[in-house]
Amino acid sequence: MEVLGLFRNIETAAEGVNNLLGENIPEDTVTSLSSVPIPKGTVIKRDHSAWFQWVTLAGGVIGAAAGFLLAAGTAMLYPLYTGDKPIISMFPVGIITYEFAMLFAIIGTIAGMLFQMRLPCFSKKAYDPEITTGMIGISVICDTEQERDKISGILDRSGAVRIRTDEEVK
Amino acid sequence: MSKSKSNYKWGMVIDLDRCTGCSACVVACQAENNVPVVGEERSAEGRMLHWLRIERYWDGEYPHVRARFIPVLCQQCDNAPCEPVCPVYASYQTPEGLNGQVYNRCVGTRYCANNCPWSVRVFNFHEPEWPKPLNDQLNPDVTVRSKGVMEKCTFCIQRINRGKMKAKEEGRLVRDDEIQPACAQTCPPGAIIFGNMADKGSFVFRLSRSSRRFRLLEDLGTEPVVIYLKGGGREGA
Amino acid sequence: MPEEEGLKQKNIQEMNEKMLSSIRPPTGKWVFLAVVLGAITGWAAYAWWVQLSTGLVVAGINRPVMWGFYIINFVFWVGLSHSGTMVSGILRLSKANWRRPILRAAEAMTVFAISVAAMFPLIHIGRTWKAYYLIPLPNSMGLWPNFRSPLLWDLTAINTYILGSSLFLFLGMLPDLAVVRDRSVGIKKKIYTVLAMGWRGTDREWSLYGKASTIMAALIVPVAVSVHSIVSWDFAMTLVPGWHSTIFAPYFVSGAMFSGVAAVITLMVILRKAFHLEHHLREEHFDNMGKLLLVISLVWSYLYFAEVLTIWYGHKPIEWEVFIFTADRYSFLLGLMVLGNAFITIPALCFRRVRRSVTVMLFISILVNVCMFTERFLIIVPPLSHRNVPFMWGNYSPSWVELSITAGALAGFALMYTMFAKFFPIVSLTDVREGLEMKKKLKIGRSTVNARIEGE
Amino acid sequence: MKHKRIIIISALFFAAASGLLFIYSFEAIFYFTVPVVERSPEQPIAFSHKKHAGKYSINCLYCHRYANISKVAGVPDMELCVSCHRFIARKKPGIKKLIGYWERKEPVPWIKVHDLPDFTYFPHNTHLRAGVYCDSCHGDVTTMDRIERVSRISMRWCLDCHRERDVSIDCLQCHF
Amino acid sequence: MNRREFLQLTGAAAAGGALSSCTINPEKLIPLLVPPEDGSIPGVADYYASICRQCPAGCGIIVRVSEGRANKIEGNPLHPVNKGKLCARGQAALQALYHPDRIRQPLKRTGVRGSGEFSPVSWEEGLSLLAEKLKGMKTAGARKGMIFFTPELQGTILQLVKAFTEHFNGMHVPYESLSLESHRKASVDVYGRYELPDYDIGSAQYIISFGADFLETFVSPVRYGDAYGRMRRARPTVRGLFTYAGPRMSMTAASADSWLPVKTGKEGILAAGMAGVILDEELYDGPALNIYGLNVSELKAAMADYPLKRVAEETGLTERDIFSASRDFARLRPSIAIAGDTVAHQTNGIDSIKAVHLLNLLTGNFGKQGGVRFSPKDLKQTASSYSKLLDTIDDMSGGSVRVALFHGVDPVYALPKTSGFEKALGKVPFIASFSSFQCDTTRQADLILPDHTDLESWGEVIPSIGGDIGVVGTVQPVVRPVHNTLAFPDALLSLVKTEGGKVPGISAYGDYPAVLKEHIRQASGHKPGADFERVWTKTLQRGGIFKEDSKPVKSINRSGKFIFTVPRKAVFSGDEKQFPFHLHIYPSAIMFDGRSAHLPWLQETPDPMTTAVWGTWLEINPKTAGSLGITHGDLVEVESPAGSIRVPVVIYPAIRSEVMAMPLGQGHRNFGRYAAGRGVNPLDLLETVVDKENRLPALGATRVRIKRISKKGGLITAGHPDGSYRGELLEI
């Protein structure tokens, strides 16, 4: 269950968050929705440590391996001499390795990022198009009906323009 | 198939003191290897397909002018610049030290042609034509190249293979001057000599040791196996 | 106070409106443009078909000039593709805020330019229908491509670059897609919903997104450099006098960025006019781009000078012969190149007034790209026509087929671009608005944030 | 955190998978490149190798007389067929057909089953001499009523054989 | 079921791999009906020995035949003339066999003469048509009613043609466009031999050639080419030296150690001058002179008013060059002086040739190894006679000729326009040609009875030189006739037969192959029978009878005494004022006299000196060109008293400034798709007879003037014009 309160600006949104915390709603159930990145901590004080750079690294390593295999391995499969170049010649293999490493690193980054964002997800969540016109949304995850009503109450009191829950979206 | 394993290392010596520039070799090559005639228009565009050409250089001024003839064909370099640049191994080094050119593999990037300092590689810019019944004269032992394919002198590989097969049947190595490419075979003054450089007793090897020896564009360090012998003039003795 | 809040929100809506103006339903003008471009591309396609069916004899190439306009185009377009990575990659890393409005335009340009470039090897080779020999696939011949060949390096590098830059473009577009999603209805909405992947803009998403953008920028720049270095090695690896030079890689990279940045400037002018972005593409943007162009122009000139100096001083007969031949037969082109790339551009760009005048910048940027095309011609054709064996010297002039395909490439690129602008936000509005948001000092509830923008 | 490690590992797997996929996903293509010509087409005359080579055990070289002396094995000329069948089994419909062709002075338009790819030089005699007998490529024809292709005649197939017998796999052996 | 059908059946096997990429629909497998009756194996090549007939040299060839198709001509190592070597023209003969524009069956003219409108007829029809035309000849006593034009023939074919013309009391006119008539005349006067002298270049130490292009076209280029190679490099210690004297540096001259650019028509004087030097320096071979019946004092007297100084002035050379050349010639023995076409084709040709031969006598090189040699018995070869030919032209235009037959010659092309041959031919009521191609003459014919090409026919060739070995080369068919053609001799025989006539000593044997076989039997001196059959097969396999009795004649037995005189001044057509330049016409190294111009291989083979392909050109000295404002490839108009032509210019650094050279060979109006209407024929500039008293052809005796027309000469050269001067870039 999710409750979403729309606020006109960051100040009021922060206000709302304060009130929520005041009513001791655990902070890690609260999150903010916005159409531009909000400076860290202005609304939600929670740092999301990213780990997907490790996927980038892994991608790079695997890419390098793949590139090396391709350049060196295939040359071994049917060894044909060309000019004075050895069958496995350092520079070409290096270049291919490099290119593949970069390719897989890039793929890894995007993949890892989406993975950590838990995107793509098309399951209906509490949302309001107005967010993309500058409104700030405060969404709270909760389990029970009364909690929900309580939270929406708080948000309403702290000046939310509109309250939405994922039920009504459904 | 390492570079050295084979008993053969085909090589050629061209004695410029004997060469008269008569162009018999040019036609012989064309006849043996199904080299198409491209016609007047294409010739004008510089798209002639001769694998072997006689280069004529003027030096000096009348009356002390000289004309020099140099038969230029694929130099079959040991460190051939044309080979490594081919993305599909269509051009590669055979165990017997030839620059192989595999027509069915060639995709026609023309990279090899750019990287051949002798410009001996020719490209089929269009489908070759033999108005009937002229096609009856084609040599069945040699592929007819289609459009978009690079080609060049092969030292008459079909003859080399035939000779090797024969030798193999008789359980021996190929004898000296048993194999003759079309150009060497026909050359009236005997300026072109072909043979096995790996055989230290062969005529071609002995000639290649001559004091008159030089190689075209030797300073590029591509190690051509076509060796020229200086000639012409009293100084050439 | 609520009313001013409302006011602000209206502004944002208008801003979205304006910046997404490109995706309004197509006007007659736009359709006409698209049709014209399509026609030109079609003609080029026909020309290519002619070449495929009759062979490369319809092109101007011959012995000894085995490479011609196709390769020139290839190098040129790869060069253009460096715009995006340059502007967004490097400027993103250096946190230059004026980059924001032109970001998307540049990145899109990268993707399309490199795709166009990738076409040319296919058009160039003699047996296009056998091109799959170049791809490393297990096959019935048990044969693999030769990775010792620079062309294979090219293949991999460009493959990497296409994938990388497309992903880069997509990443940058993700939030904007969400915006578009929220503004559109019906089938369109469905499509954009899928593209936006359910982006909501939670603080979590934003923080990860920021990090990813930085990493991507850091990754794409070295790729870009490697791509054009490898393109230069296609030439530098050969024994062709005038090609076989160590300076080629940096020389080509600088040239690529030169033409890339110039192209971005041209594009800025066009977009500015087409979508009325005068507010967002202001003089300081042109000023900054001008400075950038000036720097690169200086680098290019320096490298060119070094290149020529070596040839002149070393005076290796054949290399000198090539240079003399160029200066003699192509004196006009050579002059044009040197003037356009150095002697006009550099002094002109030193003047603030020049850099800030849109029309002059347009002129200069176009001039630079013309000259860069010339430069590629002069790099490729003369050395080939006067190679080591004088008996086999020759000449080259493009045929109608090569010219039409060149025109077709340009048209095709423009077509793809207009299409893109029609369906996707051509201005990265999130970045722009982020910029605006951070303009002010923020004194907020539980903490104070110093919103001074780095870079400007 | 525990699930984080799991995610990392799975991500690694993903990257690895995509890597290998990129290289080896096309192995399948190799199987599609087998020429899609029919393996055992209907011949104009139902000639049975089973009968000739099998039942009457006629030597291959009796009909394919050039196999050991030339690069081509040689399709038996019609005179050869007729020379026997002028007397043998005249009544059979197939033979009637054959005689018909012969009298019309037409050759029988046999359909090629073993079609060597273009631009490839395959000398029969050399292979015979090397002890590669007919059946190693053409299969055991003594059991075939209608001849059929048993081996994929592709370059890789040639190479495998050449490799295992350690004969040259130099390109110019077969392509020139 | 004969071989011809068999050929049709062996599918495209010979096409060496179809061009198309592999097809999905199954290919057909077409069997032979019967095995090839000559026991040839599909996929295995057969080799047949024969003789090349592209020029009179008569080299031995071996033809490779696979699947019944000839696909390569190689030299015959057994043949003493060319020892396994072959020239470009010999190689290209193959394309004459399979030429797309060959005449494929007998043709009868339907349109007006020269319109080229013919309709096919059967052989019976064709032969009977000719027979009936000839019937008249026999009865009507009018001599010369029929004229038979052929090249210089020998052996059985000659007998046949002679007998044939006798039978229809016509006249046989042999004709070679590059006739060696004046050489024969000179050699009769000097050596008392009618046959051409053979030069043992291979073992000579010093050679001086007076315009003799013996490496490209002169008499037997392949034989001499081989000899040249040996002369240069075959001997461990000696490297033979070679000097060339002539106004233009020919391909042969390019191989010379030194080139003496002597003025046009002054070669004889140069030779005389050298003789003078040798006499003064007493470097001559005294005893030899006595044997040859020459007297030093007389010779000196003859040379009296030609001191070295004057010679130098006249020839335009320096005294030093002449002197050193003479001294080398006399000292470096054995040495040879050769006179060639450039000399012969001047109005003072015969004198000049004699002067050159005098040099050989002075140094005693007659009959020596490395000298001038003759075969044991004087081969009585029928040589063409120019004046005789000119007479026949008069007869034809006179109207007394009623039938003209042509075989293997193309006078309409190969005679100067001014000779009026074509017009005269127009007066002849009936013209028949046995040619395989629509050459300019055949075009005029009323009836064409196409002969086999050389590779399809029987015959024999006795080489014009290399006669010191009794050589009879046998020509045998290497493939079945490609088209519906009939062997020329058989055609003649059948014509005689239809007349019920007998050809003495020939028609007894039935068809021509039998005749040939009999002749070979006689030549080999065997009794008919089994053992001869073996000899016969062997002969065919070897490609002829080569008797190795190499006993060169040492003594000269001429009827009269050889009186030496310094050559007269050469006369030229055209006044020096109006026509300032000499026109130097030479047989092209590739096209020869034009008989090979229809072969595409040769058309595309770059000319060795100019690297020009697919056309003709005019060679001009760079200085002259500069002064006339002409550059490489310009189109110019060349004008002579006899006519004018337009031709592109090649700047040629190795030619005298007052001389302009043009090759023979192009400018056919017909002659197949590759030759027709290509280039121009320099003969159009010549007067028929310049040398009034001898009435000999004189290619070099014309003066011209030129005018620049435009930039577009349409010249194609394989070599880059500027690059050709930049050899130093190759560091050689």
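One N or O on the side chain of C:R387 and one on the backbone of B:C116 form a donor-acceptor pair closer than 3.5 Å. Between the side chain of C:N146 and the main chain of B:C86, a donor-acceptor pair closer than 3.5 Å is present. Judged by distance alone, with hydrogens and angles left aside, the side-chain atoms of B:R47 form a donor-acceptor pair with the main-chain N or O of C:I61 at under 3.5 Å.
Of the listed residues C:L152, C:N395, C:L134, C:L151, the one with more heavy-atom pairs under 4.5 angstrom with chain B than any other is C:L151. The candidate from B:N115, B:V72, B:N114 with the greatest count of non-hydrogen atom pairs under 4.5 Å with chain C is B:N114. Among C:V58, C:T54, C:I71, the residue with the largest count of heavy-atom pairs under 4.5 Å with chain B is C:T54. Note on C:V65, C:L143, C:V240: by heavy-atom pairs under 4.5 Å with chain B, the leading option is C:L143. Taking C:N388, C:L56, C:V57 one by one and counting their heavy-atom pairs under 4.5 Å with chain B, the maximum is reached by C:V57. No other option in C:M66, C:M392, C:R148 has as many heavy-atom pairs under 4.5 Å with chain B as C:M66. Highest contact tally toward chain C, considering only B:E83, B:M150, B:R53, B:R56, is held by B:R53 [criterion: heavy-atom pairs under 4.5 Å].
Under the side-chain contact (heavy atoms from CB on, under 4.5 Å) test applied with C:V389, the options B:L216, B:L217, B:V120 reduce to a single match, B:L217.
In this structure, no portion of C:Y70 lies under 4.5 Å from any heavy atom of chain B. With a threshold of 4.5 angstrom between heavy atoms, B:I54 approaches chain C through N, CA, C or O but not through any side-chain atom. With a 4.5 angstrom heavy-atom cutoff, C:L122 does not touch chain B via any of its atoms. Heavy atoms of C:W153 lying under 4.5 Å from chain B are absent altogether. Of the atoms belonging to C:W393, not a single heavy atom falls under 4.5 Å from chain B. For C:I318, no part lies under 4.5 angstrom from a heavy atom of chain B. Neither the backbone nor the side chain of C:P383 comes within less than 4.5 Å of any heavy atom in chain B.
Between B:E55 and C:P390 the shortest side-chain heavy-atom distance does not fall below 4.5 Å.
Atom NE2 of B:H50 sits about 9.0 Å away from atom CZ of C:R63, to the nearest 0.5 Å. Atom-to-atom distance recorded for C:S53:OG and B:K147:NZ is 6.5 Å, nearest 0.5 angstrom.
B:P117 approaches C:L239 most closely through the heavy-atom pair CG-CD1, 4.0 Å.
Applying the 6.0 Å contact sphere to CH2 of C:W312 captures no more than 12 heavy atoms from other residues, nucleotides or ligands. A 6.0 Å sphere centred on NE2 of C:H244 holds no more than 12 heavy atoms belonging to other residues, nucleotides or ligands.
Contact annotation for residues 103-113 of chain B against chain C (heavy-atom separation below 4.5 Å, listed by residue number): B:Y103, B:N104, B:R105, B:C106, B:V107, B:G108, B:T109, B:R110, B:Y111, B:A113.
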